[in-house]
Novice: 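Sending over a structure as structure tokens; questions will come in a sec.
The chain is numbered in sequence order, starting from 1. These numbers were taken from a predicted model, which means no experiment stands behind them. These numbers come from the heavy atoms of this one structure, side chains and all, not from hydrogens, waters or symmetry mates.
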Amino acid sequence: MLGKKFAVATALAAGAVMLGVAPASAYYYVTLSGTGQARAYNNDGSAPDAFAGAWDSSLDGDAYNPVYNTYFRTASADTERNLWNKNGAGTETRSGTGSPLYKMRICESEFAQPDSCSSYYYM
């Protein structure tokens, strides 16, 4: 009888632990006010199919300034990647899949002046 109670208690404890697990399709984003968002999809920390997104909002009022997501992946932590979106307001470009992202930011390309960028978001 003691063995049966132990098995039930162990199963209940395992079920409680599983409830706290993050979903495999973890989604993160960081916004630059009025400009756009850097996005990370399927970024649960172990999935090999994570990808980045660069979304251009329609709020910046300037259709000529593209946005880009500067991001880093865990498999090549020192390699900076830039995903450009030059398609205009209300659009998103997406990267190919790979190891999870560990930091990203969104920037707006500005002619003849420094680009505006959000702070890095760490996941």
Side-chain angles (χ1 to χ4, degrees):
M1 188 62 141
L2 183 57
K4 203 175 214 182
K5 285 183 183 179
F6 178 75
V8 170
T10 303
L12 289 174
V17 169
M18 290 183 75
L19 290 175
V21 174
S25 62
Y27 167 76
Y28 301 93
Y29 68 91
V30 62
T31 301
L32 181 61
S33 182
T35 300
Q37 288 182 342
R39 297 175 174 178
Y41 298 91
N42 295 342
N43 206 60
D44 73 349
S46 62
D49 61 348
F51 60 96
W55 179 70
D56 190 352
S57 75
S58 58
L59 302 175
D60 62 3
D62 190 344
Y64 303 107
N65 291 349
V67 298
Y68 58 95
N69 178 349
T70 299
Y71 64 98
F72 295 80
R73 292 186 181 272
T74 57
S76 52
D78 295 330
T79 302
E80 178 182 287
R81 292 174 168 81
N82 292 298
L83 175 65
W84 283 85
N85 180 348
K86 298 178 181 181
N87 299 323
T91 64
E92 179 180 32
T93 56
R94 293 183 172 183
S95 72
T97 59
S99 68
L101 284 63
Y102 77 88
K103 76 176 180 179
M104 66 181 175
R105 70 178 178 179
I106 189 72
C107 298
E108 179 181 27
S109 179
E110 299 188 35
F111 180 73
Q113 57 186 334
D115 293 349
S116 298
C117 294
S118 68
S119 297
Y120 275 106
Y121 179 80
Y122 292 83
M123 295 156 277

Novice: Do you know which two heavy atoms are closest between Ser119 and Arg105, and how far apart they sit?
Specialist: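 Looking at all heavy atoms of both residues, the closest pair is O-CB, 3.7 Å.
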
Novice: For the residue pair Asp49 and Phe51, establish whether any side-chain heavy-atom pair is separated by less than 4.5 Å.
Specialist: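 Of all side-chain heavy-atom pairs linking Phe51 with Asp49, none is under 4.5 Å.
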
Novice: I'd like to check Met104 versus Tyr120 (side-chain heavy atoms, cut-off strictly below 4.5 Å). Are they in contact?
Specialist: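 No, too far: nothing below the 4.5 Å cut-off.
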
Novice: Within this structure, what is the SG-CD distance for the pair Cys117 and Glu110, rounded to the nearest 0.5 Å?
Specialist: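 The CD atom of Glu110 is 9.0 Å from SG of Cys117, to the nearest 0.5 Å.
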
Novice: With a 3.5 Å distance limit and no angle check, can you tell me whether Arg73 reaches the backbone of Ala50 through a side-chain donor-acceptor pair?
Specialist: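 Answer holds: yes.
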
Novice: Where the side chain of Ser118 meets the backbone of Ile106, is there a donor-acceptor pair that is under 3.5 Å apart?
Specialist: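 Judged by distance alone, yes, a pair lies under 3.5 Å.
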
Novice: Say you draw a straight line from CG of Asn43 to OH of Tyr102; how long is it, rounded to the nearest 0.5 Å?
Specialist: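 The distance works out to 12.5 Å.
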
Novice: When rounded to the nearest 0.5 angstrom, what distance separates CG in Leu83 from OH in Tyr68?
Specialist: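 Answer rounded to 0.5 Å: 12.0 Å.
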
Novice: With a 3.5 Å distance limit and no angle check, can you tell me whether Ser57 reaches the backbone of Thr35 through a side-chain donor-acceptor pair?
Specialist: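 Checking the backbone N and O of Thr35 against the side chain of Ser57, a donor-acceptor pair under 3.5 Å is found.
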
Novice: Please verify the inter-ring angle class for Tyr27 with Tyr41; under 30° counts as parallel, over 60° as perpendicular, anything in between as tilted.
Specialist: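 Taking Tyr41 first and then Tyr27, their aromatic rings sit tilted (interplane angle of 30° to 60°).
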
Novice: Do you know the tightest heavy-atom contact between Ala77 and Phe72?
Specialist: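 Distance-wise, the nearest heavy atoms are O-CD2, 3.4 Å.
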
Novice: Going by side chain to side chain donor-acceptor pair (under 3.5 Å), Asn85 matches just one of Thr91, Asn69, Thr93. Which one?
Specialist: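 Output: one option passes, namely Thr91.
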
Novice: State, to 0.1 Å, how close Glu108 and Asp115 come at their nearest heavy-atom pair, and which atoms those are.
Specialist: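 Taking Glu108 first and Asp115 second, the nearest heavy atoms are O-CB, 3.3 Å.
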
Novice: Is Asn87 close to Asp56 at the side-chain level, that is, under 4.5 Å between some pair of heavy atoms?
Specialist: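 No; the side chains remain at least 4.5 Å from each other.
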
Novice: Find out whether Tyr28 and Leu101 are in side-chain contact, i.e. whether some heavy atom of one side chain is under 4.5 Å from a heavy atom of the other.
Specialist: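 No. Closest side-chain heavy atoms not under 4.5 Å.
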
Novice: According to a 4.5 Å side-chain heavy-atom criterion applied to Ile, Leu, Val, Met, Phe, Trp and Tyr, with indirect links allowed, do Tyr29 and Met123 form part of one hydrophobic cluster?
Specialist: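 Not linked; separate clusters.
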
Novice: Looking at Trp55 and Val67, what are the two nearest heavy atoms and their distance?
Specialist: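 Between these two residues, the closest heavy atoms are O-CG2, 3.9 Å.
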
Novice: Less than 4.5 Å apart, any side-chain heavy atom of Arg81 and any of Ser76?
Specialist: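 The answer is yes, as the side chains (C-beta and beyond) meet within the 4.5 Å cut-off.
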
